[in-house]
Visitor: 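I have a structure here, written as structure tokens, and I will follow up with some questions on it.
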Amino acid sequence: MEPKRIREGYLVKKGSMFSTWKPMWVVLLEDGIEFYKKKSDNSPKGMIPLKGSTLTSPCQDFGKRMFVLKITTTKQQDHFFQAAYLEERDAWVRDIKKAIKCIEGGQKFARKSTRRSIRLPETIDLGALYLSMKDPEKGIKELNLEKDKKVFNHCFTGSGVIDWLVSNKSVRNRQEGLMISASLLSEGYLQPAGDLSKNAADGIAENPFLDNPDAFYFFPDSGFFCEENSSDDDVILREEFRGVIIKQGCLLKQGHRRKNWKVRKFILREDPAYLHYYDPAGGEDPLGAIHLRGCVVTSVESNHDGKKSDDENLFEIITADEVHYYLQAATPKERTEWIKAIQVASRTGK
């Protein structure tokens, strides 16, 4: 049997021979990490065995690079990967740590291990409960919370989750709510935000979920992001950067002149609605911006020259000025999520 795929996506990898950083399609398996030049490649450029390896995060080896993690193999070979943003790196770190721990313990990697360990009733449908929690009218209210000079957007507190479960009569008491919440966290329906909840999820606390007003959590598809507080002198002057970030990640973008495809890090903002794209290997300034107000975005199954594409999951943005942009997501689901998010942003002001 082939090893199970645990997580995959674009990360920026440092070359082993040269100090160049290049985007790679990275696949985390139960026993190792494969990396490809692009998603559609059939064979990997390399493979990192996880047995006996150690993980370092955060990695401070590169002063100007943020969100880097380091994997050191038993042969003392270092491999460096850079994520697009903090939450993406932490998600990779949690899964890699768990994969290494499972190898050491001779266990199979499984996200859905909580139900048995905390003896949840088999009748509980966590998927249905998650949808109820996300209900715009009756679900958990997403807030902007501040702690340690950081603002956590689109999130909620651990005690707020338990309060909602009890008031909604989904559980009989707070202890049962703690068990349910730990299960939701383990199976990926909730994600930790901030050091307190992350340390608990990593096993430092007695329970992976905290019934605590200072422990923050978020829904994985909520548009959550964290930002440092700014002083009055740090006010962003450029209007297009004033919008709230609602989505970010890596996509392939086709160039306008050479028609070649390159991986770019995209940040989507609304009100005003802009899609900025950056070099994923580094750099604070965007390479370009797409003004989304009044744009049209659609899926496409072939390139604009009429030739069938070898790669799927393409979509097109046509701006109000009739400029065409062609982008490619990693999966059909990711393409749909980007299209929906861009459509929402395109209807917001300015």
Side-chain angles (χ1 to χ4, degrees), residues 3-36 44-107 109 111 148 150 152 185-186 188 191-205 208 216 220 224-226 228 248-250 263 265 278-284:
K4 174 184 175 183
R5 290 191 172 208
I6 298 169
R7 177 179 292 276
E8 54 188 332
Y10 279 111
L11 295 173
V12 181
K13 185 182 185 299
K14 181 182 178 294
S16 55
M17 296 182 65
F18 304 100
S19 296
T20 55
W21 293 77
K22 294 184 178 180
M24 293 285 177
W25 181 257
V26 182
V27 179
L28 172 61
L29 306 171
E30 291 177 300
D31 59 352
I33 295 176
E34 293 179 343
F35 49 95
Y36 301 75
K45 286 183 65 66
M47 200 275 192
I48 305 169
L50 288 179
K51 186 175 183 180
S53 294
T54 58
L55 177 67
T56 304
S57 177
C59 173
Q60 308 291 349
D61 292 23
F62 308 94
K64 293 184 178 180
R65 290 189 176 274
M66 302 173 64
F67 315 133
V68 175
L69 61 94
K70 177 172 72 171
I71 301 170
T72 304
T73 67
T74 54
K75 295 182 179 181
Q76 298 304 305
Q77 294 176 324
D78 292 333
H79 298 270
F80 299 92
F81 294 92
Q82 181 184 17
Y85 53 97
L86 177 64
E87 291 73 37
E88 182 183 47
R89 184 197 65 188
D90 289 349
W92 277 95
V93 166
R94 282 194 296 273
D95 283 348
I96 293 171
K97 279 184 177 179
K98 186 171 182 180
I100 293 174
K101 187 175 181 180
C102 288
I103 293 172
E104 293 174 350
Q107 302 169 332
F109 188 103
R111 295 187 189 279
D148 299 329
K150 294 181 180 179
F152 298 84
L185 182 71
S186 175
Q191 295 289 333
D195 292 338
L196 185 63
S197 56
K198 288 177 181 178
N199 288 338
D202 287 338
I204 295 176
F216 299 162
F224 167 84
F225 69 100
C226 176
E228 299 279 353
Q248 54 186 315
C250 285
V263 177
K265 173 188 171 183
Y278 300 75
D279 181 349
E284 296 181 0

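Model, not experiment: these values are computed from the prediction. Basis for what follows: all heavy atoms, side chains included, without hydrogens, waters or symmetry-related copies.
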Visitor: Where is the tightest heavy-atom contact between Gly32 and Leu50, given as atom of each residue plus distance?
Guide: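 Heavy atoms only, the tightest pair is CA-CG, 3.6 Å.
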
Visitor: If every non-hydrogen atom of Leu185 is compared with every non-hydrogen atom of Pro208, which pair is closest and at what distance?
Guide: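 Closest approach of Leu185 to Pro208, heavy atoms only: CD2-O, 3.2 Å.
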
Visitor: Within a strict 4.5 Å, meaning less than it, do heavy atoms of the Asp90 and Lys198 side chains meet?
Guide: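 Asp90 reaches Lys198 side chain to side chain.
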
Visitor: Work out which heavy atom in Lys51 is nearest to a heavy atom in Thr74; give both atom names and the distance.
Guide: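 Distance-wise, the nearest heavy atoms are O-CG2, 3.5 Å.
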
Visitor: Roughly how far, to the nearest 0.5 Å, is the CD atom of Glu88 from the CD atom of Gln82?
Guide: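 One finds 10.0 Å between CD of Gln82 and CD of Glu88.
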
Visitor: Kindly indicate whether the side chain of Pro58, heavy atoms from C-beta on, has any atom under 4.5 Å from the side chain of Arg89.
Guide: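 Pro58 vs Arg89: side chains touch.
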
Visitor: Considering all heavy atoms of both residues, which atom of Val12 and which atom of Trp21 are nearest to each other, and what is their separation?
Guide: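 Distance-wise, the nearest heavy atoms are CG1-CB, 3.6 Å.
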
Visitor: Measure the shortest side-chain to side-chain distance between Pro192 and Arg94 over non-hydrogen atoms and say whether it is less than 4.5 angstrom.
Guide: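 SC-SC contact between Pro192 and Arg94 confirmed.
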
Visitor: Take atom CG of Asp61 as the centre, draw a 6.0 Å sphere, and report whether it contains more than 12 heavy atoms from other residues, nucleotides or ligands.
Guide: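 Correct, the count exceeds 12.
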
Visitor: How far does CD of Glu8 sit from CZ of Phe35, to the nearest 0.5 angstrom?
Guide: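 Glu8 atom CD to Phe35 atom CZ measures 15.5 Å (nearest 0.5 Å).
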
Visitor: For the residue pair Cys59 and Thr56, what are the closest heavy atoms and their distance?
Guide: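 Heavy-atom minimum between the residues: CB-O, 4.0 Å.
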
Visitor: For the atom pair CE (Met47) and CG (Leu29), what is the distance rounded to the nearest 0.5 Å?
Guide: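 Taking CE in Met47 and CG in Leu29, the distance rounds to 5.5 Å.
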
Visitor: Closest approach of Asp31 and Ile103, non-hydrogen atoms and distance?
Guide: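 Looking at all heavy atoms of both residues, the closest pair is CA-CD1, 3.8 Å.
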
Visitor: Among Leu69, Ile48, Thr72, which one satisfies side chain to side chain contact (heavy atoms under 4.5 Å, CB included) with His79?
Guide: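 When Leu69, Ile48, Thr72 are each tested with His79, the side chain to side chain contact (heavy atoms under 4.5 Å, CB included) holds only for Ile48.
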
Visitor: Assess whether atom NZ of Lys70 is packed by more than 12 heavy atoms of other residues, nucleotides or ligands within 6.0 Å.
Guide: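 Counting other residues, nucleotides and ligands, NZ of Lys70 exceeds 12 neighbours.
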
Visitor: How long is the straight-line distance from NZ of Lys265 back to CG of Asp279, given to the nearest 0.5 Å?
Guide: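 It comes to 10.5 Å.
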
Visitor: Quick one: CD1 on Ile71 to CH2 on Trp92, what's the gap to the nearest 0.5 Å?
Guide: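 Result: 9.0 Å between the selected atoms.
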
Visitor: Taking side chain as C-beta onward, heavy atoms only, is Met24 less than 4.5 Å from Leu11?
Guide: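 Counting from C-beta outward, Met24 and Leu11 never come under 4.5 Å.
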
Visitor: To the nearest 0.5 Å, how far apart are CD1 in Ile33 and OG1 in Thr73?
Guide: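 Between Ile33 CD1 and Thr73 OG1, I get 11.0 Å after rounding to 0.5 Å.
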
Visitor: Fit a plane to each ring of Phe80 and Phe62, take the angle between them on a 0 to 90° scale, and name the class: parallel (under 30°), tilted (30 to 60°) or perpendicular (over 60°).
Guide: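 The rings of Phe80 and Phe62 stand perpendicular, inter-plane angle above 60°.
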
